[in-house]
Amino acid sequence: MAAAHAKALTSPYPGSQVQRRPVPPEKISWAADWPEYDPVDYTAPYVLTNPPWADPLLGSEGFSPQFNALDGAVQRESLQGTYSVVGGVPRNPVGRTGVKGRGLLGRWGPNHAADPLITRWKQDSDGRRVTDKGTGKPILQFVAIQRKDCGQWAIPGGMVDPGELVSATLHREFCEEALNSLEGSGDQSESEKKIQELFSQEHLLIYRGYVDDPRNTDNSWMETQAVNYHDETGHLLSQIRLEAGDDAGKVQWVDVSGDCSLYANHARFIHILAQKRGAHW
C-alpha cells in the first residue's frame, strides 16, 4: 500500500521559500471534488537548466514522454500500478500535495530510487548479541547517513540511473554514500571483496512503492525499493571503516528502535525490517 501523505504536504518546499497550498486530509484524494484547487506551480531553477538526470519541460520540441511505460531507458512505470495522465500531465497516485510542477525532482511522474538497508546484530565486547531488557529481543543495527541538504538521518540510497539494474544501484549508492573510505585506501581490494560478498548474499525486500517524500508534487513523486542486506555474524563489516561520501554529512551504525527519527518514510522501512528480522523495536 502507498504511504499516506504527511511529509509531502509540508511547507516550505525543500530548498525554497515556496509555501504549498494547504490540502485538508479529506481533499488529498483526487476522487474528492475540489474545483477551487489551485496549487502553487514550482520547479526548482536548477532542474530547469536541463541537467542530464532531468526531463525537459512538457511541450518542449522533441520531448514526448511515454507515461506508464519504459520510455527508452527511462522507467516511467509506477510501482503502484497505472497512474492517471490528465492533459498530458501525470498525476501523483496518492493525491494532491499543494504544489504542481516538478519541484526538485527531475522526472515527470515517478522518480525511481533504491535504498540499501545494511544491518548487523549489536554485539558486546565478547561478541555476544545484545538484547533489549524490555522486549528481550536482540538489537539490530543499520548504517545511517546524515543528509547534507536537511540534516536528517536517513538510509543511504539514491536514484536509479536510466537502464541501470536496481541491484547495481543498491551496491553503488551504499559504496558512494557510506564507504567513501574505500577510495584510495590500502585495503581497498579486501574491503571490496567483503562488500561484494555481502551484496551477493540472499537479500530481503523490505518495501517497494511510493515514498512520502517532502520533494513530491502533484506531477512528480518518489518511489523506491528498500532492500536489506544482513551481516549475520558481523564478520563481513567489522573491519570496514564507514566514511561519509560527498552527499552525506556523517555516517554511523544506529540501533533500530521505535525512537528512530528518519527522513521521509524511512522509519517505516526500519519498522518493517525489525518485524521481519524479529528484532527489538
Side-chain angles (χ1 to χ4, degrees), residues 1-44 47 54-55 57-58 65 67-69 75-115 147 149-150 152-155 157 159-160 206-226 258 260-272 275:
M1 294 293 292
H5 278 169
K7 297 188 178 182
L9 296 173
T10 55
S11 287
Y13 185 90
S16 76
Q17 296 302 312
V18 174
Q19 297 292 316
R20 295 179 184 268
R21 169 77 183 265
V23 181
E26 68 274 12
K27 297 293 188 182
I28 292 176
S29 172
W30 295 109
D33 187 43
W34 193 7
E36 305 84 18
Y37 179 60
D38 185 23
V40 178
D41 191 348
Y42 178 68
T43 299
V47 176
D55 289 334
L57 289 170
L58 289 174
F67 294 117
N68 288 300
Q75 180 55 271
R76 300 192 192 276
E77 291 179 293
S78 170
L79 299 173
Q80 298 297 138
T82 303
Y83 52 88
S84 298
V85 179
V86 180
V89 183
R91 268 188 175 178
N92 187 311
V94 173
R96 301 178 175 97
T97 67
V99 171
K100 64 181 180 180
R102 283 175 291 161
L104 288 167
L105 301 179
R107 303 294 180 192
W108 295 98
N111 289 253
H112 292 281
D115 295 311
R147 293 176 63 102
D149 56 357
C150 63
Q152 288 185 289
W153 288 90
I155 300 165
M159 307 308 295
V160 180
I206 299 299
Y207 181 82
R208 186 175 185 270
Y210 181 91
V211 179
D212 179 29
D213 192 290
R215 296 170 292 181
N216 291 351
T217 73
D218 287 2
N219 312 120
S220 297
W221 59 91
M222 288 296 302
E223 299 189 7
T224 197
Q225 296 186 58
C260 288
S261 177
L262 301 172
Y263 179 78
N265 57 345
H266 288 187
R268 183 185 179 202
F269 303 163
I270 296 297
H271 189 193
I272 296 171
Q275 292 176 319

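- Looking at Y210 and H5, their side chains do bring a donor and an acceptor atom within 3.5 Å of each other.
- Side-chain contact between C260 and F269 is absent, with no heavy-atom pair separated by less than 4.5 Å.
- Pairing each heavy atom of P65 with each of L58, the nearest pair is CG-CD2, 3.9 Å.
- In this structure, the side chain of N92 engages the main chain of T217 through a donor-acceptor pair within 3.5 Å.
- A 4.5 Å side-chain heavy-atom check between I28 and L9 finds at least one atom pair inside the cut-off.
- Of the possible polar contacts, none joining the H266 side chain to the A154 backbone as a donor-acceptor pair under 3.5 Å is found.
- Without hydrogens or angle criteria, R102 side chain to D55 main chain gives a donor-acceptor distance under 3.5 Å.
- A distance of 11.5 Å separates CD1 of I206 from CG of D115, quoted to the nearest 0.5 Å.
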Could you go through Q19 and V40, starting from their C-alpha distance and side-chain angles, then the distance that decides it, and tell me whether this counts as side chain to side chain contact (heavy atoms under 4.5 Å, CB included)? CA-CA 8 Å; Q19 297 292 316; V40 178; over 6 Å; no
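- Using modelled atom types, no side-chain atom of R147 and backbone atom of W153 make a donor-acceptor pair closer than 3.5 Å.
- D41 places no side-chain N or O within donor-acceptor distance of the main-chain N or O of P39, the cut-off being under 3.5 Å.
- Without hydrogens or angle criteria, R215 side chain to S220 main chain gives no donor-acceptor distance under 3.5 Å.
- In this structure, CD in Q75 is found 12.0 Å from CG in N111, a value given to the nearest 0.5 Å.
- For the pair P14/D149, no side-chain contact is recorded, criterion being any heavy-atom separation below 4.5 Å from C-beta on.
- With hydrogens and angles ignored, the 3.5 Å screen pairs a side-chain donor or acceptor of E223 with a backbone N or O of L79.
- Taking all atoms of both residues into account, the shortest heavy-atom contact from W34 to P24 is CH2-CD, 3.9 Å.
- When side chains are defined from C-beta on, D218 counts as touching W30, because their heavy atoms get closer than 4.5 Å.
- Separating the CZ atom in R208 from the CD atom in Q80 is a distance of 9.5 Å, to the nearest 0.5 Å.
- By the 30° and 60° cut-offs, the orientation of the rings of Y83 relative to W221 is perpendicular.
- Taking 4.5 Å as the limit, some side-chain heavy atom of V23 sits within range of a side-chain heavy atom of Y37.
- Counted within 6.0 Å of CD on E26, heavy atoms from surrounding residues, nucleotides or ligands total more than 12; the atom is thus considered enclosed.
- Listed for the H112 side chain is no donor-acceptor partner under 3.5 Å among the backbone atoms of Q225.
- In this structure, CD1 in I270 is found 12.0 Å from CD in Q275, a value given to the nearest 0.5 Å.
- Proximity of a side-chain donor or acceptor of N219 to a complementary backbone N or O of G101 within less than 3.5 Å is detected.
- Residue F67 holds its CZ atom at 13.5 Å from CZ of R91, rounded to the nearest 0.5 Å.
- If you take CZ on R21 and CZ on R96, they are separated by 9.5 Å, rounding to the nearest 0.5 Å.
- Judged by distance alone, the side chain of D213 and the main-chain N or O of M222 form no donor-acceptor pair under 3.5 Å.
- A heavy-atom distance below 4.5 Å is not found between the side chains of P90 and N68.
- Taking 4.5 Å as the limit, some side-chain heavy atom of Y42 sits within range of a side-chain heavy atom of S16.
- In this structure, V47 and G103 approach most closely via the heavy-atom pair CG2-O, 3.7 Å.
- The closest side-chain donor-acceptor pair between N216 and T97, if any, does not fall under 3.5 angstrom.
- Between K7 and N265 there is no side-chain heavy-atom pair separated by less than 4.5 Å.
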